[in-house]
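Within every chain, numbering begins at 1; the chains are lettered A, B, ... in the order of the sequence lines, protein sequences first and strands thereafter.
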Amino acid sequence: MSLQVVTANRLEDGLVVFLTSDGNWSENINDARIADGKEAADALLAEASAPELDIVIVGPYLIDVEQQGADIVPTKYREVLRTKGPSVREDLGYQAV
Amino acid sequence: MYRYDDFDRQLVHERTEQFREQVKRRLAGDITEEQFRPLRLMNGVYLQLHAYMLRVAVPYGTLRADQLRQLGMIARVYDKGYGHFTTRQNIQYNWPKLDEIPDALLDLAKVEMHAIQTSGNCIRNTTTDQYAGAAADEIEDPRPYCELIRQWSTFHPEFTYLPRKFKIAVTGSPNDRAAVKVHDIGLRMHQNDAGETGFEVMVGGGLGRTPFVGKTIREFIGKNDLFSYLEAILRVYNRFGRRDNKYKARIKILVHEEGIDKIRELVEEEWAQIKDGSLRVDDAEIAHYIEQFAPPAFETLSDDDADFERHKSENRRFANWVRSNVIEHKQPGYAIANVSLKPIGGIPGDATDTQMELVADLSEKYSFGDVRVTHEQNLVLPHVKKADLFAVWSELDKADLGTANLGYVTDIISCPGLDYCALATARSIPLSQRISERFGDLDRQHDIGELKIKISGCINACGHHHVGHIGILGLDKRGKEFYQITLGGDASQDASIGKIAGAGFSEAEVVDAIESLVTKYIDIRESGERFIDTYRRVGMDPFKEVLYGDR
C-alpha cells in the first residue's frame with residue numbers, strides 16, 4: 001500500500017510542517033499522521049485544506065513516504081530535502097538542530 | 001551615482017507601508033493566500049522549499065557602500081547571516097519571516113533600496129555591464145539610460161500586468177558583458193554613420209524552456225527616441241503577447257511565431273503615433289542623468305605603479321589574482337578589481353554578512369564607495385588605484401574573497417537549485433562545488449583558460465545553462481537527479497544557444513563527463529583557442545565521442 005502524509009509551509013515563517021494525528025502542524029515529519037491508501041489520503045488532504053487553516057499554513061499537499069524503523073522518510077529527494085534543509089548547508093534547517 | 005529624489009523616496013516608503021498592511025491583513029485572515037500571493041510577489045516575496053525568500057533589487061547592479069553594508073545587516077538581522085547574489089544582479093535572502101519582511105523593506109528603504117520589479121509580470125529590474133563607467137572599451141556609461149528606463153518602467157500603469165515578465169539589458173560596450181542578446185529587449189550602444197550615439201535594439205531573446213538569441217528590430221535608435229520606442233515595443237507585446245499559455249507568453253514566442261518583420265511593422269506603426277509625445281526625452285534631461293553618473297574624482301596618475309609591479313613580482317598569489325580578476329580601467333593608474341564569490345568548493349554567489357560589510361568598507365576606502373554586482377554572481381570594485389590593489393587583495397584574501405578565478409572553469413554560474421528552490425528538479429550547487437574542486441588547481445585552470453560553465457536546476461534556466469560554453473541542466477528522472485550537458489552556448493556579443501550533447505548523466509557520472517570534455521579540448525585545441533573556439537571549429541562530434549563512445 002502507498003503511504004502518504006500531508007505537508008505545507010507555515011504561514012508566518014514559511015517553514016516546512018506536517019499534519020499530525022491531533023490536527024496540529026509539526027516541524028518533525030515523524031509526528032505526521034500517515035494515510036494508508038487513496039481514501040485515507042484524500043480525507044487527510046481534505047482536512048488540511050479546510051478554509052480556516054488558510055491562516056495557519058500555505059499550500060498543503062500529499063507526499064509519498066516510507067516507514068523506516070521509527071522514522072517516516074519521504075520517497076522523493078525533494079521532500080527529503082524539505083525535512084532536513086539545504087544539502088549544501090548542513091548547519092541550517094531542521095538538520096542543524 | 002543616482003540619488004533618490006523626493007518622489008522616489010515617497011514612492012518606496014508608501015509601497016513599504018502598503019505591504020505592511022497587506023501582511024497584517026493576511027496574518028489576521030482578512031485576505032486569503034490566493035489574494036495575498038500576487039501582492040507578496042509584487043514585493044519580491046516568494047515561498048520557497050524551506051521558507052520565504054526575499055529578492056531585493058540592485059538596479060543595474062550598482063551599489064553604494066552604505067547600501068551593501070545594509071544588505072549585510074539585513075542578512076544578519078532578518079536572515080541567517082548570508083545572502084545569494086543572482087544572475088539578475090540582485091540579492092536573495094533565503095529565510096526571512098513573513099511578519100518581519102516589512103521591517104526589512106523599511107531598512108532597505110533607508111538606503112534607497114527596495115524589492116520592486118523583482119517579481120511579477122512587469123518590466124523587471126534593468127541589468128547592465130558591471131564595469132559601466134569604468135571599462136576601457138565602453139562608448140559611454142549605460143547607467144543613465146538604465147535609470148531612465150527604471151523611471152519609465154516602475155509602476156508603469158499600462159505594463160503592470162503584461163502577459164509575462166519582461167527583462168531589459170543594456171551594454172555600453174561592444175564587448176557584451178550583460179548578455180543583452182538573451183533578454184526580452186537587449187540594447188547595444190553604438191554610433192551611427194552620422195557619428196551620433198544611440199542603440200541597436202534587439203528583441204525576443206531569452207532562455208528558459210524555449211531559448212532564443214534576440215533579433216534586431218532596429219539597427220539604430222537615437223537616445224531621445226529610445227523611451228518612446230521601448231513603449232511601442234511593450235504596447236505591441238502587451239496587446240499581442242499570448243495570455244492563453246504561460247509557457248508561450250514571453251515576447252520571444254511572439255517574435256518567433258509572428259516573425260521579426262511583422263513585429264517590426266507593428267512597432268513602427270505604434271511608434272509613429274507616440275514618438276513626438278511626452279516620452280521623447282530631450283538632450284537637457286539626458287544630460288541631467290549623465291551628470292548623476294558623473295565619473296568620481298579620479299586623480300591624475302601614471303598608468304605604471306612601481307609598488308604594484310613589485311608586489312606582483314614578490315607575491316605569486318597576488319600576481320595570479322591580478323592576472324584573472326583585475327581588468328583594465330579607462331582612467332590611467334586605476335583598475336577594475338573583481339571580487340570572486342566562487343571560492344574553490346564554495347557556493348556560487350553566496351556572501352556572508354561580514355563579507356558584504358568588508359567589501360563595503362573596501363569600496364569606501366579604495367573605490368569611491370562604488371560596488372557592482374555581476375550577472376555571473378561576483379562583486380566588483382570598479383575604481384581602484386593600481387597602487388592600492390595589493391592592499392585590497394590582502395583584505396579580500398583574509399576573508400576568503402580573494403580567489404583568482406574570474407572567467408575560469410571554477411567561476412561557475414549556478415542557480416540555487418533544489419537545495420532552495422521550489423521549482424527546481426535537481427540540485428545545482430553541489431555539482432558546481434564538485435566541479436570547482438575537481439578543477440581547483442590554479443595551474444590547471446590557467447592551462448584551460450576561459451571556460452564558462454553554467455548550471456541550472458530546472459528548465460527555467462536561471463543558471464543560464466543554454467549560454468554556457470558547457471551548460472548543465474539538472475532534471476528529475478524517476479525520482480533521481482540527472483544532468484543533461486549542452487555545448488557551444490555563449491552569452492557574449494557572439495551569443496549562441498548550446499546544443500544538447502546527448503543522453504543525460506547521473507549525479508555520480510557528470511563531473512567525470514565534464515572532465516573528459518575538458519581533456520578533449522586540451523588535446524585538440526589550436527594555439528590561442530578557448531574551449532568555445534575549439535568547439536566552433538570542430539563541432540559537436542569529437543566531444544560527443546568522448547562522452548558516449550559507441551553508446
### Message
Under a 4.5 Å cutoff for heavy-atom pairs, which residue among Leu418(B), Val23(B), Ile347(B), Asp99(B) has the most contacts with chain A?
### Response
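Counting heavy-atom pairs under 4.5 Å, the top option is Leu418(B).
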
### Task
Identify which of Gln433(B), Lys80(B), Arg26(B), Glu33(B) forms the greatest number of heavy-atom pairs closer than 4.5 Å to chain A.
Arg26(B)

Flag, side chain of [X] to backbone of [Y], donor-acceptor distance under 3.5 Å:
X        : Y        : result
Thr7(A)  : Val17(A) : yes
Asp79(B) : Trp95(B) : yes
Tyr93(B) : Leu71(B) : yes
Gln95(A) : Pro86(A) : yes

Quick one: which of [options] has the most heavy-atom pairs under 4.5 Å with chain B, could you say?
options                                : value
Lys84(A), Arg78(A), Arg10(A)           : Arg78(A)
Leu11(A), Leu92(A), Val56(A)           : Leu11(A)
Asp91(A), Val58(A), Thr75(A), Val16(A) : Val58(A)

Any chance you could measure [X], atom [atom1], to [Y], atom [atom2], to the nearest 0.5 Å?
X         : Y         : atom1 : atom2 : value
Leu108(B) : Tyr78(B)  : CG    : OH    : 8.5 Å
Asn405(B) : Leu341(B) : CG    : CG    : 10.0 Å
Gln22(B)  : Arg40(B)  : CD    : CZ    : 12.0 Å

Taking side chain as everything from C-beta outward and backbone as N, CA, C, O, which of these in [X] sits under 4.5 Å from a heavy atom of chain A? Side chain, backbone, both or neither.
X         : value
Leu47(B)  : side chain
Tyr420(B) : side chain
Pro416(B) : neither
Leu49(B)  : both
Glu481(B) : side chain
Tyr46(B)  : neither

### Task
Evaluate the criterion salt bridge (Lys or Arg N to Asp or Glu O under 4.0 Å) for residue pair Arg438(B) and Asp512(B); output intermediate values, then yes/no.
CA-CA 9 Å; Arg438(B) 179 71 65 95; Asp512(B) 288 338; 2.9 Å; yes

Could you tell me if [Y] and [X] have a donor-acceptor pair between their side chains, going purely by distance under 3.5 Å?
X         : Y         : value
Asn90(B)  : Thr118(B) : no
Thr20(A)  : Asp22(A)  : yes
Glu100(B) : Tyr52(B)  : no

### Residues, nucleotides or ligands: over 12 heavy atoms within 6.0 Å of Glu90(A) CD
no

### Message
Quick check: under 4.5 Å, non-hydrogen atoms only, which of residues 421-431 of chain B neighbour chain A?
### Response
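Heavy-atom contacts from residues 421-431 of chain B to chain A are Ala422(B), Arg427(B), Ile429(B), Pro430(B).
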
### Query
In terms of heavy-atom proximity below 4.5 Å to chain B, should Arg89(A) be classed as side chain, backbone, both, or neither?
side chain

#### Entry: Interchain contact, Asn9(A) with chain B, by part (heavy-atom threshold 4.5 Å)
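Interface part for Asn9(A): side chain.
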
